[in-house]
**Student:** 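This is the structure I have questions about; it appears just below.
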There are 2 protein chains.
Amino acid sequence: MSTPMYRQIAEDLRAQIESGELKPGQQMRTEIELRDHYAASRNTVRDAIKLLTTVGLVETRPGQGTFVVKKINPSVTILNTDPLTSPGGDITNGIGDPEESEVVSTAPQVEIQQASDNVATHLNIARGTEVVSRHQARTVKGIPWSLQTSFYPMDFVFKGATKLIEAQDIRAGAVRYLADTLQLRQVGYRDHILVRAPDATETSFFGLPADGRVGVFEISRTAYEENGWPMRLTVSVFPTDRNQFVVNVGELPDTSGVDPRFA
Amino acid sequence: MSTPMYRQIAEDLRAQIESGELKPGQQMRTEIELRDHYAASRNTVRDAIKLLTTVGLVETRPGQGTFVVKKINPSVTILNTDPLTSPGGDITNGIGDPEESEVVSTAPQVEIQQASDNVATHLNIARGTEVVSRHQARTVKGIPWSLQTSFYPMDFVFKGATKLIEAQDIRAGAVRYLADTLQLRQVGYRDHILVRAPDATETSFFGLPADGRVGVFEISRTAYEENGWPMRLTVSVFPTDRNQFVVNVGELPDTSGVDPRFA
DNA sequence: GGGTATTTGTCCGTATGTATT
DNA sequence: AAATACATACGGACAAATACC
């Protein structure tokens, strides 16, 4: 009997959930009932529940009880849409109902910053160089979907792309705008995908659990112009619990028939 | 003073870590010392530490103490290498030192299974249809890197691709083999990326913390032949704490200069 | 709105087990 | 073997959130 009691309790409850005995959304027995059932202390039962919470199987609501989590219908985003250069450096959404995506972006929050290590590396400039930062929050059907920040070399503004420092959406897209004003043609981009813990801002914006057990995708998209120089870095952040991504390579039948189902 | 004490303690420690006052790898003060320092109970201090561990900032070692985690040097994998069809459906590694990758694969574990919902959906066959499952574990320089399972329709074996059910590596790659024996030419693939909690097998193989706070990437690669039919599904699993992925779109300078640095 | 019962959240103190040095 | 440090487990008390009457 070397496995701790709270793990055994958690394993028992997990089995009930995965067997379907406890259904998604259903309320579980209260901590007191579980304490009696397993002949343990309430704190031990709470340890078991805590374990299930970090794995994402259950969720607790103060004053109400503990519930089996419902599967969230995930948002699926295609990372390499075919018209490479057109949609801007923005990551657009290919959600279930493509027509009614209802993607809403806040007005960009524009700042002049000194390039951090990360930004400097991706933009291939010296650390501390001034860059324009344009930050936006996006919601899909009212639920928070992404936080994204684009970085441009400050040079671009001096050379005439003054709209970059205006706190307004750039109509026709930033790609088009830079091509028109600076003859900077975007010919490709590279996405860098990682997962990390959310910071306080992200936790609050996405409504993630405060204990940080739900990670976020951080996708750094570096766009290049025709001479091979990076012209923009866009860092987008998405919660991992409701987002998936797709990459298409080669000739594929039709991009539609992907409906993600998994137990 | 509405924020709980254990959160305040965690916030204080977090600030010390992020300011560099506590360096990566360094041992923190013991629970007893922290209890005295913050005039709290040991359990409360433990709650604070537990919070920091779920965020991945610290790690506890029984009998030794609590330590600030060291940043793991991440493995970077390119999802869309240019010779699309050649490297097989396998996801190959583009780690820091490309020459000495030292990727070691175990002998495949071959099984005949009935297609699960997920497999059936991706392979576009009926649920319960028999499929060949080939499972492999991979290590890079001795550390566990990925678990991957490929699924092929059982048809392929009946039609002559009998090596699929042999528990040996298919030399020259499965793509080449299927092209040679069945005239099945792979013309592209689609990667589906998501993050979920690891199961017991994955936790043990990767040596992940038992509480499941480190998620895993699950990348489902569906390969298509020239008539647009799926010919293989490969599901690969990677821990999120030591893996990153790259997607290249359009014309890029050279794929080398990506060295990921982030605070 | 108020009051009460229910349920989870926080915090304490204590005891004992287990891993490491 | 002994000391140290974290892990598990218990029990109790009060706070905070929610639901219901």
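Residue numbering restarts at 1 for every chain, and letters A, B, ... go by the order of the sequence lines.
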**Student:** Going by atom types alone, do H192(B) and Q244(A) pair a side-chain donor with an acceptor below 3.5 Å?
**Tutor:** yes
**Student:** So, is T60(B) near the phosphate of dA7(D), with a side-chain N or O under 4.0 Å from OP1 or OP2?
**Tutor:** yes
**Student:** Looking at the side chain of E31(B), which of dA9(D), dC11(C), dA7(D) is the nearest nucleotide?
**Tutor:** dA7(D)
**Student:** Tell me which nucleotide, if any, is Watson-Crick or G-U wobble paired with dA17(D) when both distances must be under 3.5 Å.
**Tutor:** dT6(C)
**Student:** Compare the minimum distances between each of dA9(D), dC6(D), dC12(C) and the side chain of S41(B), then state the nucleotide with the smallest one.
**Tutor:** dC12(C)
**Student:** Given dT7(C), dT10(C), dA7(D), identify the nucleotide with an atom nearest to the side chain of P4(B).
**Tutor:** dT10(C)
**Student:** Do R138(A) and S105(A) have side-chain atoms, one donor and one acceptor, less than 3.5 Å apart?
**Tutor:** yes
**Student:** Would you please say whether a donor-acceptor pair under 3.5 Å links the side chains of S133(B) and E111(B)?
**Tutor:** no
**Student:** Which nucleotide sits closest to the side chain of P62(A): dC6(D), dC12(C), dG9(C)?
**Tutor:** dG9(C)
**Student:** Within this structure, what is the CD1-to-P distance between I32(B) and dC6(D), rounded to whole angstrom?
**Tutor:** 8 Å
**Student:** Give a yes/no answer on whether the side chain of Q64(A) brings an N or O atom under 4.0 Å of OP1 or OP2 in dA19(D).
**Tutor:** yes
**Student:** Between T66(A) and dT8(C), does any side-chain N or O lie under 4.0 Å from OP1 or OP2?
**Tutor:** yes
**Student:** Which residue, K50(B) or R61(A), contacts DNA chain D at a nucleotide closer to its 5' end, judged by nearest heavy atom?
**Tutor:** K50(B)
**Student:** Between Y38(B) and D12(B), is there a side-chain donor-acceptor contact under 3.5 Å, judged purely by atom types and distance?
**Tutor:** yes
**Student:** Taking any heavy-atom pair under 4.0 Å as a contact, classify R42(B): base, sugar-phosphate, or nothing.
**Tutor:** base
**Student:** Which residue, E33(B) or A40(A), contacts DNA chain D at a nucleotide closer to its 5' end, judged by nearest heavy atom?
**Tutor:** E33(B)
**Student:** Is any side-chain nitrogen or oxygen of T44(A) closer than 4.0 Å to OP1 or OP2 of dA9(D)?
**Tutor:** no
